[in-house]
Amino acid sequence: MHVRTHIGVNAFLASLLLAGSALAQNAVLTIHADQSTAKVSPTLYGLMTEEINYSYDGGLYAEMVRNRTFRADWSGVPYWYLVEKGNAEAAMSEDKTTGPSQALPASMKLDVQKADAADPAGVLNVGWWGFALRPNTTYKGSLYAKADSGIDSIAVSLVANQTGAALASAKVTGVSGDWKQYTYTLKTGAIAPSSANHLVLTVDHPGTLWLNLVSLFPPTYHNRANGNRIDLMEKLAAMHPQFLRFPGGNYLEGDTIAERFEWQKTLGPLVDRPTHPSPWRYQSSDGMGLLEFLEWCEDLHMNPVLAVYAGYSLRGEHVNPGADLEQYVQSALDEIEYVTDGTDTKWGAVRAQDGHPAPFHLTYVEVGNEDWFDKSGSYGDRYAQFYKAIKAKYPDLQLIATAPITTMKPDVLDDHYYKRATEFFHDVHHYDKADRSGPKIFVGEWATREGSPTPNFGSALGDAAWMTGMERNSDLIVMASYAPLFVNVDPGGMQWESDLIGYDAMRSYGSPSYYAQVMFASNLGDEITPADQQGGGSRFFYSVSRDTRNNRLYVKLVNGDSTPQSVDIKIDGAHLAGGGKLVTLSAKDTQATNTIDQPRNIVPVETALVASGTELHHQMPPYSIQILVLNER
Ligand code: AHR
């Protein structure tokens, strides 16, 4: 038995003694190691995200400039401020008459009356709650600009908020009267890592300067241009995700039809992307476009689960099935062509032009999102119309329905569960008796929602219990994804409480629920192994799977109680060979959690497990999630 060191051995022993009288009823788990109920779905665990909680902008998508397209609102141009050093005099305003592209028809206009080398004028950007700068690091930038004859260069600097010191600087030269893109590189020296910095763009001459699409990227995962944050991608990789469901969620639907995720407008050079409102109350830069989602899949070896807009938006607008829906069906067909087809097709050629000639493999397409909200009752017919058209061209695709329907049997049904831990404890057998002749199940969103901004240990217990149920039924449940995945923990960053991974500009951390996911997905066999449980407390849960290639058993145990739980494990039909291991995630109470400042309060602890023969007496600590990895002889 291993005990997490931070609890303290004495405290733990005391808790055992105190709890001794209240010890939960002994559980006996008889594992039929020579039998298999079914195959474990090889795609069981995956990811679901959308533009919520600053998941991409201000999150995974590594762009450092906030409101890089100078979008104005009633308050002016948010996140940009005028800079007038010393005697400099200037004014900034939105200019709706000129922009670098059709998609970005407006710009930021800087009118400089007075400026020189000693007293420059310009604008500054505050970033996504700062600019995270690290020592000796190169940041790659670009901007679109044009100027009248007075101005031909722009100085770009990363500046420390407290001291005003320039930490990295560059000069963009040759600025002319026509819109053009310029690139620059900012390299830090031996600075202390900090995100208390901002970006400054200045000129040293009177005149007029127009700016748009000011961008800056740190090093990204796999060095992708327009890529993702390294720390967050590494956290996702540790979850061994088999798929990514994108682009939403509510983000797919938009508040209105006009605000849906229009995939065509998220392709190609950033200057050709108009940006659009996320239903989570902020504008999406669309830097994370359709191809970026697919490349993210490529980077983490995930299968894309492509959700296509199906004619329903959040505020209740819907498109009638039949002729009205045809354009949306065609759009979905085009989108699938972009993802999967050769460069000899219209949209395959566009993908090649966007830099990715190789098609992506696609198995699942989801038709809409949470269409049970559509009170018009149109979803059954809308799904059927998409189904017929998509299957006619792509017969091998599996089409996911987002609500139960009576018009036909869908291939897969997407079920969503947001619950309290006790509700999940009670619902662990939800799928045990489910109809195996109905559609396969995709648990496309689920989470125990206790703890904010990220879930606490009580949530991790609810999650783990629920996952044992999903694993035991993974002949039916083909995929499952926790949601939401991300939250920016800075003030104003969160729209939805209890999100798996938290971060600010510089740091990130996994919640206890995150570590439960990592543990479950990293220790999964390919067959569901039947087991019988006798006794055990009401908050004791299990699942067993077997890796047939390595003759290894994965026994997952959850003790959601405040008292220890003893478990007698009996192996039927095999002998253990020793050399196993025990992975434990536990906490002193359900409120215990990880935070941005204390990111590793609760992390899995691995110890050796001496287990041979056919019996093993095991004692689980209070509030614990454990995985026993047992080798068979
Ligand atoms: O995950 C947050 C939201 O919950 C999703 O956007 C939506 O599908 C669900 O209602």
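- Among Tyr514, Tyr509, Phe486, the one residue that satisfies the ring pair (Phe, Tyr, Trp, His ring centres under 6.0 Å) test with Tyr503 is Phe486.
- With hydrogens and angles left out, the side-chain atoms of Ser284 and Asp286 include a donor and acceptor closer than 3.5 Å.
- Between Trp263 and Phe293, the ring center distance fails the sub-6.0 Å criterion.
- Here the OG atom belonging to Ser107 is positioned 7.0 Å from the NZ atom belonging to Lys146, to the nearest 0.5 angstrom.
- Judged by distance alone, with hydrogens and angles left aside, the side-chain atoms of Ser195 form no donor-acceptor pair with the main-chain N or O of Phe131 at under 3.5 Å.
- Judged by the 6.0 Å distance and 45° axis criteria, Arg449 is positioned over the aromatic ring of Trp496.
- You'll find the side chain of Leu186 stays beyond 4.5 Å of the side chain of Lys140, heavy atoms only.
- Remark: Lys187 NZ is packed, more than 12 non-hydrogen atoms of other residues, nucleotides or ligands lying under 6.0 Å away.
- A donor-acceptor contact closer than 3.5 angstrom links the side chains of Glu292 and Asn226.
- Separating the CG atom in Leu201 from the CG atom in Leu124 is a distance of 9.0 Å, to the nearest 0.5 Å.
- Ring to ring, Tyr184 and Tyr139 are not that close: their centroids are 6.0 angstrom or more apart.
- Atom-to-atom distance recorded for Gln517:CD and Ile501:CD1 is 9.0 Å, nearest 0.5 angstrom.
- The two residues Phe246 and Cys297 have their closest heavy-atom pair at CE2-SG, 4.2 Å.
- In terms of modelled atom types and a separation under 3.5 Å, the side chain of Ser481 and the main chain of Gly444 share a donor-acceptor contact.
- With salt bridges taken as basic N to acidic carboxylate O contacts below 4.0 Å, one links Glu63 and Arg68.
- Using modelled atom types and a 3.5 Å distance limit, the side chains of Asp95 and Trp210 yield a donor-acceptor pair.
- Between Arg507 and Asp597 there is a salt bridge, since a side-chain N of the basic residue sits under 4.0 Å from a carboxylate O of the acidic one.
- The closest side-chain donor-acceptor pair between Glu295 and His356, if any, does not fall under 3.5 angstrom.
- Figure legend: Arg66 and Tyr54 shown as a cation-pi pair, the cationic atom lying under 6.0 angstrom from the six-membered ring centre and within 45 degrees of its axis.
- In terms of heavy atoms, Tyr282 sits closest to Ile52 at OH-N, 3.2 Å.
- The closest donor-acceptor contact from the side chain of Ser498 to the backbone of Gly451 lies under 3.5 Å.
- With a 6.0 Å radius and a threshold of 12 heavy atoms from other residues, nucleotides or ligands, Tyr81 has its OH atom at or below the threshold.
- Side-chain contact of Ser157 with Ser169: a donor-acceptor pair under 3.5 Å is present, judged by distance alone.
- Between Ile154 and Ala145 the shortest heavy-atom distance is CD1-CB, 3.9 Å.
- Between Tyr309 and Glu253, the side chains place no donor N or O within less than 3.5 Å of an acceptor N or O (distance only, hydrogens not considered).
- Of the N and O atoms on the side chains of Asp116 and His205, not one donor lies less than 3.5 Å from an acceptor on the other residue.
- By the 4.0 Å N-to-carboxylate-O rule, Glu337 lies close enough to Lys393 to be salt-bridged with it.
- Ion pairing of Arg260 with Glu262 is present here, as a side-chain N (NZ or NE/NH1/NH2) and a carboxylate O approach within less than 4.0 Å.
- Between the side chain of Glu445 and the main chain of His416, no donor-acceptor pair closer than 3.5 Å is present.
- Asp371 places a side-chain N or O within 3.5 Å of a backbone atom of Asn369 that can act as its donor or acceptor partner.
- For Ser313 (side chain) and Thr256 (main-chain N/O), a donor-acceptor pair under 3.5 Å exists by modelled atom type.
- Only one option out of Trp128, Tyr56, Phe217, Trp296 pairs with Tyr61 in a ring pair (Phe, Tyr, Trp, His ring centres under 6.0 Å); it is Phe217.
- In this structure a side-chain-to-backbone donor-acceptor pair under 3.5 Å is missing from Thr137 to Thr188.
- Checked by atom type, the side-chain pair Asn594/Gln598 shows no donor-acceptor distance below 3.5 Å.
- Rounding to the nearest 0.5 Å places CD of Glu335 at 10.5 Å from OG1 of Thr340.
- Of the N and O atoms on the side chains of Asp231 and Ser508, at least one donor lies less than 3.5 Å from an acceptor on the other residue.
- In terms of modelled atom types and a separation under 3.5 Å, the side chain of Asp324 and the main chain of Pro321 share no donor-acceptor contact.
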For this session: Mind running salt bridge (Lys or Arg N to Asp or Glu O under 4.0 Å) on Asp414 and Arg245 for me, showing each step along the way?
Result: CA-CA 11 Å; Asp414 182 356; Arg245 173 181 176 232; 3.6 Å; yes
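- Taking the six-membered ring for Trp and the full ring otherwise, Phe373 and His318 have centroids separated by 6.0 Å or more.
- Side-chain N/O atoms of Thr402 and Glu370 include no donor and acceptor closer than 3.5 Å.
- One distance of note links OG1 of Thr208 with CG of Asp148; it measures 4.0 Å at 0.5 Å rounding.
- Aromatic ring centroids of Trp80 and Phe70 lie under 6.0 Å apart.
- In this structure, the side chain of Ser278 engages the main chain of Glu51 through a donor-acceptor pair within 3.5 Å.
- Using a distance-only test at 3.5 Å, with no hydrogens or angles considered, no donor-acceptor pair links the side chain of Asn67 to the main chain of Tyr79.
- Across Leu110 and Val123, no two heavy atoms sit closer than the pair CD1-CG1, 4.2 Å.
- Counting all heavy atoms, side chain and backbone alike, Tyr182 lies closest to Ser176 at OH-N, 3.4 Å.
- Considering all non-hydrogen atoms of both residues, Arg134 and Met506 come closest at NH2-O, 2.8 Å.
- Under 3.5 Å, the side chains of Trp280 and Ser55 contain no donor-acceptor pair of N or O atoms.
- The structure places CD of Gln495 at 11.5 Å from CD of Glu497, a figure rounded to the nearest 0.5 Å.
- For the residue pair Thr220 / Arg224, no side-chain donor-acceptor distance below 3.5 Å is found, with atom types taken as modelled.
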